[in-house]
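One structure is given below, encoded as structure tokens.
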Amino acid sequence: MKVLVVGGAGYIGSHMVQTLLDAGHAPVTLDNLSSGHRDAVPGGEFILADLADRSALDAALAAQSFDAVMHFASFIQVGESVRRPDLYYRNNFAHTLNLMDAAVAAGVKRFIFSSTAAIFGEPVAVPINEGHPNAPINPYGASKAMVERALADYDRAFGLRSVCFRYFNAAGAHPRGHLGERHDPETHLIPLVLQAAAGLRPNIQVFGNDYPTPDGTCIRDYIHVMDLCASHLQGLEWLEQGKPSQAFNLGNGSGFSVLEVIRAAEEVTGRSVPVVHAPRRDGDPARLVADAALARDLLKWVPRYPRIEAIVADAWRFHQAHPASR
Ligand code: UFG
């Protein structure tokens, strides 16, 4: 299939382009390179364009016939979204409407959207399944929830069928070592812990040790980026078979505390990681763990890299091969 991968120069998007190439599909990346990297796009055509530019989107979608659009391009920092809600509602919601409108105008019928566990807010029950209420507590989560709602309405009105994947904590890197996480600034736990292990930063700050968890630090469900990409291929197949729009939660179903992640990194790297305890970070729920039974049942999705050590090992391999990628 010919797939427009919006945000294909970013962390998850670049792994998706590789996954599509390996599966024999034809990905075309569209990215404005605001945070992505041109050299991260592993193949296929590349279009430099911004989601704010509706005419550029129309031109890209009119130039060739796409079987599907996959949308990975968004701002992702929860804390920043609280300080600058304007950026998050505009980029993650309004500009996504541009893409959806352009897809409808071009006659594209399938849309796969990167959503997030942040749409659930503070969980009322863990593990979190698709029946959990949407109650985002920050503009990042709200902007993604708004897109999910708009996609449901676009399906009813315009026949744009969609799959929304709510990622829990995306982590890891391509096992071949050529693709990985290169955010600037980096805010995510695993790459920061690995930078500390490599001596590129003096320590890792642990945000809060008084949460109601066994060791007092936050628990998250880390899911390998390759497992996320595999689910997208299955989502593509789901839509191709004419099945209805559906949202899926994606995680391994097991949670690891911040201190457990640090211990796993010490084990994988053979280095010690100095820990500094710091106050809680605003907007961090104590425990986010996915119930991904629906994806397992309906898509036959089975994570291939569920072990935290394997996730950290792949991230470490990428980090060592790209020491400048901070
Ligand atoms: N953490 C630290 N120190 C750090 C960085 C993170 O202790 O230097 C902690 C956080 O407080 C949190 C855990 O490590 O408890 C994981 O933090 P990340 O920043 O790696 O990931 P988040 O859980 O905050 O964010 C992830 C995605 C976001 C998404 C969010 C939804 O990366 O894009 O889940 O809840 F919005």
Side-chain angles (χ1 to χ4, degrees), residues 7 10-13 35 72-82 85 88 91-92 113-123 126-128 132 134-145 147-148 164-172 181-183 185-197 200-225 228 249-252 255-265 273-290 308 311-312 315 326:
Y11 168 42
I12 303 172
S35 56
F72 296 90
S74 77
F75 293 158
I76 58 165
Q77 290 179 41
V78 170
E80 182 185 59
S81 80
V82 176
Y88 279 70
N91 191 58
N92 293 3
F113 176 59
S114 300
S115 188
T116 170
I119 66 165
F120 298 116
E122 192 66 53
V126 180
I128 301 171
H132 189 286
N134 286 5
I137 55 171
N138 52 61
Y140 169 74
S143 68
K144 294 279 187 173
V147 173
E148 286 204 16
C164 296
F165 286 119
R166 289 85 171 255
Y167 309 154
F168 279 61
N169 284 59
E181 198 167 359
R182 294 160 68 186
H183 294 122
E186 188 53 76
T187 61
H188 293 119
L189 179 65
I190 290 177
L192 290 176
V193 171
L194 295 179
Q195 287 174 15
L200 294 173
R201 51 180 71 236
N203 52 51
I204 182 75
Q205 288 191 308
V206 173
F207 298 139
N209 61 359
D210 56 352
Y211 285 96
T213 60
D215 67 18
T217 66
C218 286
I219 289 177
R220 294 288 180 273
D221 184 339
Y222 295 88
I223 175 80
H224 199 293
V225 62
L228 293 180
N249 292 357
L250 293 183
N252 282 308
F256 293 91
S257 73
V258 173
L259 292 177
E260 286 172 333
V261 170
I262 294 170
R263 266 197 298 279
V273 176
V275 165
V276 169
H277 286 284
R280 289 182 177 199
R281 192 173 66 176
D282 276 349
D284 272 346
R287 187 158 175 255
L288 289 175
V289 177
I308 190 71
I311 294 172
V312 172
R326 302 194 37 173

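Counting convention: from 1, in listed order, for ligands and their atoms alike.
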Query raised in the report: Does ligand 1 have an atom under 4.0 Å from some heavy atom of Phe256?
Result: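 No, Phe256 has no heavy atom closer than 4.0 Å to ligand 1.
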Tell me which part of [X] gets within contact of ligand 1: side chain, backbone, both or neither, using heavy atoms under 4.0 Å.
{"X": "Tyr140", "value": "side chain"}
{"X": "Phe120", "value": "neither"}
{"X": "Arg220", "value": "side chain"}
{"X": "Val78", "value": "side chain"}
{"X": "Thr187", "value": "backbone"}

For a quick check under 3.5 Å, do [X] and [Y] share a side-chain donor-acceptor pair by atom type?
{"X": "Asp215", "Y": "Ser257", "result": "yes"}
{"X": "Glu148", "Y": "Ser115", "result": "yes"}
{"X": "Ser114", "Y": "Tyr167", "result": "yes"}
{"X": "Glu80", "Y": "Tyr88", "result": "yes"}

Considering only protein heavy atoms, which is closest to [atom], and at what distance to one decimal place?
{"atom": "atom 8 (O) of ligand 1", "result": "Leu192 CD1, 3.4 Å"}
{"atom": "atom 35 (O) of ligand 1", "result": "Leu288 CD1, 3.5 Å"}
{"atom": "atom 33 (O) of ligand 1", "result": "Ile76 O, 3.4 Å"}
{"atom": "atom 1 (N) of ligand 1", "result": "Phe207 CD1, 3.7 Å"}
{"atom": "atom 21 (O) of ligand 1", "result": "Asn169 ND2, 3.1 Å"}
{"atom": "atom 9 (C) of ligand 1", "result": "Val258 CG2, 3.8 Å"}

Is the closest side-chain heavy-atom distance between [X] and [Y] below 4.5 Å?
{"X": "Phe256", "Y": "Asp221", "result": "no"}
{"X": "Asn249", "Y": "Phe168", "result": "yes"}
{"X": "Val261", "Y": "Ile204", "result": "no"}
{"X": "Pro185", "Y": "Gln77", "result": "yes"}
{"X": "Lys144", "Y": "Ser74", "result": "yes"}
{"X": "Asp282", "Y": "Val82", "result": "no"}

Query - From His188, Arg281, Lys144, Arg201 - option closest to atom 24 (O) of ligand 1 by heavy atom - result: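 Looking at heavy atoms only, Arg281 sits closest to atom 24 (O) of ligand 1.
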Within the structure, does [X] bring an N/O atom to less than 3.5 angstrom of an N/O atom in ligand 1?
{"X": "Asp284", "value": "yes"}
{"X": "Leu189", "value": "yes"}
{"X": "Ile204", "value": "no"}

Query raised in the report: So, for Ala265 and Val312, which heavy atoms are closest and what is the spacing to 0.1 Å?
Result: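 Closest approach of Ala265 to Val312: CA-CG1, 3.8 Å.
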**Report entry** Least distance between heavy atoms, Ile311 atom then Ala171 atom
**Finding:**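 Distance-wise, the nearest heavy atoms are CG2-CB, 3.6 Å.
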Contact atoms of ligand 1, heavy-atom distance to [X] under 4.0 Å:
{"X": "Tyr222", "result": "13 (C), 16 (C)"}
{"X": "Thr116", "result": "29 (C), 31 (C), 36 (F)"}
{"X": "Cys218", "result": "15 (O)"}
{"X": "Gln205", "result": "2 (C), 3 (N), 4 (C), 7 (O), 8 (O)"}
{"X": "Val206", "result": "7 (O)"}

Query raised in the report: Quick one: do Arg220 and Asp284 make a salt bridge, cutoff under 4.0 Å?
Result: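 Counted as a salt bridge, because a side-chain N and a carboxylate O are separated by less than 4.0 Å.
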